[in-house]
Amino acid sequence: MITWPDHTTARPPVTLTATGGIDRAAHHRLDEAWLGAAWSHPTTRCFVVSGGQVLIEDTGDGRAELVTMPSFDAPLTEAHRYFLGIDGDGVRYFALQKDALPGRMDDAARPAGLREAGMLLSERDAQLMVHAVALENWQRMHRFCSRCGERTVIAAAGHIRRCPACGGEHYPRTDPAVIMLVTDPEDRALLGRQVHWPKGRFSTLAGFVEPGESIEQAVVREAGEEAGVTIGRVEYVASQPWPFPSSLMLGFVAHATSTEIRVDGEEIEEARWFSREELRAAFASGEVLPPSGISIAARLIEMWYGQPLPGPL
């Protein structure tokens with residue numbers, strides 16, 4: 001069991017994973033009468049999602065909130081209306097997919113993507129946004145039937161696309177990816193830098209799970225391919241939805257049985273073993289920049305490091 005320094009588990013929570021009190025109420029998605037009544041209810045709230053962005057409004061305390069509106073104020077959107085769920089007060093939420101966000105509703109509202117907004121929003125608003133962004137991306141990228149090529153139609157309040165020609169049903173795609181903090185027998189951490197990252201940016205290793213492969217096998221393979229190290233024991237830690245565009249990140253700690261590094265040069269340009277003292281000094285000097293605080297990579301490193309990582313530089 002992986003524990004934090006005070007011996008409690010899974011703390012702080014991984015960003016984007018809290019339900020925020022939203023019940024997805026999937027049993028209502030095929031009930032058109034219920035959906036129609038929910039949309040018309042005076043307490044229902046909705047928001048527009050476009051190109052992975054929504055409108056947010058800063059609250060003055062370093063946080064932000066999702067800009068929502070009553071359904072009767074919503075822009076027309078044909079069939080692109082997605083039911084997201086119900087909160088603890090019975091408020092129903094819908095996302096509306098549009099080609100562009102509406103004009104600024106006031107001087108404070110501004111567009112933002114999930115990488116920025118996810119760290120600023122409440123758990124409820126972040127959960128609504130991550131659901132909406134994932135659905136919007138899938139809807140935009142999967143408009144035609146993979147069996148016969150016919151254009152599909154939206155069903156189940158945005159969670160299914162049906163083919164009117166062959167009857168095929170298509171569901172939102174989620175690609176599993178493993179992300180792992182690799183440690184060695186000296187309890188050093190292996191961090192790598194991708195070729196397209198800014199100079200000094202280091203993070204954990206990661207990669208997609210291949211067909212016919214278990215997630216544990218993927219951890220072993222990716223560590224070997226990217227850094228040339230051999231992995232023994234693998235411990236699961238936590239998962240994180242990552243709709244950039246459609247991944248589910250599965251977080252692990254992997255214990256290396258070898259320490260010689262051989263980077264692949266294609267994905268990983270540089271990889272290094274760090275002791276805690278070495279990483280602390282590298283952060284202080286600016287030689288190493290930490291991963292984004294929104295990603296599970298930061299939580300995995302913090303578990304080993306024993307304290308929060310420095311903020312963005």
Side-chain angles (χ1 to χ4, degrees), residues 1-18 173-195 197 201-244 246-276 278-279 288 290-309:
M1 175 69 71
I2 300 297
T3 60
W4 290 87
D6 64 356
H7 305 295
T8 59
T9 59
R11 208 186 68 191
V14 178
T15 309
L16 308 181
T17 59
R173 175 173 175 169
T174 298
D175 300 318
V178 293
I179 182 166
M180 54 279 189
L181 178 71
V182 178
T183 62
D184 73 355
E186 298 179 25
D187 201 23
R188 297 180 299 173
L190 178 63
L191 303 180
R193 190 173 74 80
Q194 293 191 17
V195 295
W197 284 355
R201 179 75 67 198
F202 279 80
S203 188
T204 55
L205 304 181
F208 288 103
V209 180
E210 294 187 346
E213 183 177 54
S214 73
I215 53 179
E216 293 83 3
Q217 289 170 335
V219 169
V220 173
R221 176 183 53 77
E222 286 288 347
E225 290 178 354
E226 293 189 346
V229 297
T230 303
I231 300 298
R233 186 162 50 97
V234 173
E235 296 179 67
Y236 173 75
V237 177
S239 64
Q240 180 186 41
W242 197 245
F244 302 111
S246 56
S247 298
L248 175 65
M249 305 302 293
L250 305 165
F252 294 86
V253 170
H255 300 273
T257 58
S258 69
T259 58
E260 181 183 355
I261 296 173
R262 299 184 307 277
V263 297
D264 61 13
E266 296 181 2
E267 289 187 64
I268 303 298
E269 185 175 63
E270 180 184 4
R272 294 165 54 186
W273 291 106
F274 291 91
S275 68
R276 291 172 182 82
E278 289 169 340
L279 188 58
V288 170
S292 166
I294 195 176
S295 102
I296 191 175
R299 300 289 84 76
L300 293 172
I301 296 172
E302 285 176 348
M303 290 178 63
W304 165 85
Y305 189 54
Q307 63 188 80
L309 301 185

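Heavy-atom basis, side chains included; hydrogens, waters and symmetry copies ignored.
A pairwise comparison of heavy atoms in G265 and V195 identifies O-CG1, 4.0 Å as the closest pair. Residue I179 comes nearest to L300 through the heavy atom pair O-CD1, 3.7 Å, listed as atom of the first residue, atom of the second, then distance. In terms of heavy atoms, L250 sits closest to P176 at CD1-CB, 4.2 Å. Between A298 and G293, the closest heavy-atom pair is CB-CA, 4.2 Å. When every heavy atom of V219 is checked against every heavy atom of A254, the shortest pair comes out as CG1-CB, 3.8 Å. Here the closest heavy-atom approach between residue T204 and residue M180 is recorded as CB-O, 3.3 Å.
The distance from atom OG of S239 to atom CG of L16, rounded to the nearest 0.5 Å, is 11.0 Å.
For the pair W242 (side chain) and S295 (backbone), a donor-acceptor distance under 3.5 Å is absent. With hydrogens and angles disregarded, no donor-acceptor distance shorter than 3.5 Å links the side chain of E225 to the backbone of D264. In terms of modelled atom types and a separation under 3.5 Å, the side chain of W304 and the main chain of L181 share no donor-acceptor contact. Panel note: side chain S258, backbone E260; no donor-acceptor pair is recorded below 3.5 Å. Remark: the backbone N or O of S292 is not paired with any side-chain donor or acceptor of R201 at under 3.5 angstrom. For the pair Q240 (side chain) and T15 (backbone), a donor-acceptor distance under 3.5 Å is present.
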Just do the side-chain contact (heavy atoms from CB on, under 4.5 Å) check on I215 and F252 with the steps written out, would you? CA-CA 10 Å; I215 53 179; F252 294 86; 3.5 Å; yes
side-chain contact (heavy atoms from CB on, under 4.5 Å) assessment of I296 paired with V237: CA-CA 10 Å; I296 191 175; V237 177; over 6 Å; no
Would you check, one step at a time, whether the test side-chain contact (heavy atoms from CB on, under 4.5 Å) holds for W273 with V182? CA-CA 9 Å; W273 291 106; V182 178; 3.9 Å; yes
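Salt bridge annotation for R221-E210: present, with a cationic side-chain nitrogen under 4.0 angstrom from a carboxylate oxygen.
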